[in-house]
Amino acid sequence: MTVWKRKDLLGLETLDAEEIKLIIDTAESFKEISTREIKKVPTLRGRTIVNLFFEPSTRTRTSFELAAKRLSADTVSISASTSSVLKGETLKDTARNIEAMKIDMIIMRHPCSGAPDMLAKTISSSVVNAGDGAHEHPTQGLLDLFTIREKKGKIEGLKVAIVGDILHSRVARSDIWGLKKLGAEVILCGPPTLMPPEIEKMGVRVSYDLREVMKEVDVVNLLRVQLEREKRNLFPSLREYAVLFGLNKDVLKGAKKDLVIMHPGPINRGIELSPDLADGPCSVILDQVTNGIAVRMAVLFLLLGGHTS
């Protein structure tokens with residue numbers, strides 16, 4: 001029996017395997033709720049959750065809002081463009097003022113790594129990291145783990161490739177921590193200029209040959225090329241990137257027949273992934289989106305309910 005004792009969810013690096021499994025198992029029990037005619041349970045009735053987003057988001061923000069509403073929590077959404085931060089207020093003061101309104105949780109996305117951790121130390125309400133800089137995106141990592149286990153029946157012993165812009169990717173870091181803790185082998189593939197120095201210390205293998213990698217992996221997770229985060233040109237052109245590290249039918253020829261193709265979205269079609277594969281039978285990209293609601297319901301439930309499994 002695993003008991004959830006944490007106030008916050010800031011990253012997968014600090015969680016142990018049993019805590020990760022508890023979230024995934026809880027998410028599995030919540031997924032059915034989204035298939036009902038009335039998609040709501042009273043579990044968190046009376047709780048108030050604030051979405052505090054300092055970066056643009058569609059999937060994550062909407063997913064958290066739907067997760068909270070399906071658990072009957074009250075939600076308020078605040079973006080940077082409508083907050084007092086534009087008037088010079090510090091993040092700490094913003095959080096303290098929000099908490100003074102007697103809320104229960106803040107879900108925060110921020111461009112600076114470590115911002116949710118600082119917030120968690122400032123307020124007594126629960127804090128969920130919805131993505132901070134190039135650090136972590138724990139709920140995306142959890143929904144990726146949930147989807148892999150759902151499609152493959154296990155995680156332990158699988159070979160998983162994470163392909164693309166590893167340097168700027170918070171998703172990659174959360175995926176690596178989660179996959180390694182649950183017993184998978186992780187192979188990173190991408191341009192040398194988009195590979196963090198000494199990333200092998202995280203217990204991963206690095207390759208620069210996508211065709212060779214595709215011959216051995218069970219799952220491939222293709223990361224978006226984050227042009228908005230790049231301060232300089234780190235590869236010659238998008239066309240060259242697509243030729244060397246984009247997944248298409250030609251590259252797929254040597255892969256396993258039951259390969260699972262993932263992408264955290266949004267997809268740059270024709271760059272990271274060809275349109276036919278994005279919409280093809282190996283793709284579980286929309287399943288990831290669906291599973292994201294169940295995973296975030298599980299996170300909200302465990303942090304605000306503290307129930308056991």
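One is the number of the first residue; the rest follow in order along the sequence.
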Check your understanding: Does Asp74 pair with Arg47 as a salt bridge, N-O distance under 4.0 Å?
Key -> no
**Study point:** Glu13 and Arg173 ion-paired at < 4.0 Å
**Key:** no
Review point. What residues, two or more places apart in sequence or in another chain, satisfy side chain to side chain contact (heavy atoms under 4.5 Å, CB included) together with Arg269?
Key: Ile267, Pro275, Ala278, Asp279
Point to revise | Pi-cation contact, Phe53 with Arg109 (under 6.0 Å, within 45°) | key: no
Point to revise | N-O pairing of Lys180 and Glu185 below 4.0 Å | key: no
Revision key, fill the gap. Residues passing the salt bridge (charged side-chain N to carboxylate O under 4.0 Å, His left out) test with Asp16, sequence neighbours excluded, are none
Study note, to complete from the structure: When rounded to the nearest 0.5 Å, the distance separating CZ of Phe64 from CG of Leu300 is 6.5 Å
Practice item. Tell me whether Trp177 is reachable from Val206 by hopping between hydrophobic residues (I, L, V, M, F, W, Y) whose side-chain heavy atoms are closer than 4.5 Å. Key: yes
Review point. Taking NZ, NE, NH1 and NH2 as the nitrogens, is one of them in Lys21 or Glu18 under 4.0 Å from a carboxylate oxygen of the other?
Key: yes
Exercise for review: Begin from the C-alpha positions of Glu200 and Arg205 and carry the test salt bridge (Lys or Arg N to Asp or Glu O under 4.0 Å) through to its verdict.
Suggested key: CA-CA 6 Å; Glu200 293 92 342; Arg205 177 152 55 98; over 6 Å; no
Point to revise | Under-4.0 Å salt bridge between Glu65 and Arg61 | key: yes
Check your understanding: Do Leu222 and Val220 come within less than 4.5 Å of each other through their side chains, counting heavy atoms only?
Key -> yes
Practice item. Determine, step by step, whether Asp276 and Ser274 satisfy the side chain to side chain donor-acceptor pair (under 3.5 Å) criterion, reporting the C-alpha distance in whole Å, the side-chain angles of both residues, the deciding distance to 0.1 Å, and the verdict. Key: CA-CA 6 Å; Asp276 56 332; Ser274 62; 2.5 Å; yes
Review point. Would you call Glu150 and Lys31 a salt bridge, taking side-chain N to carboxylate O under 4.0 Å as the test?
Key: yes
Exercise for review: Decide, yes or no, whether a salt bridge links Glu136 with Arg170 under the criterion of side-chain N to carboxylate O below 4.0 Å.
Suggested key: no
Check your understanding: Any Lys/Arg nitrogen of Glu212 or Lys215 sitting under 4.0 Å from an Asp/Glu carboxylate oxygen of the other?
Key -> yes
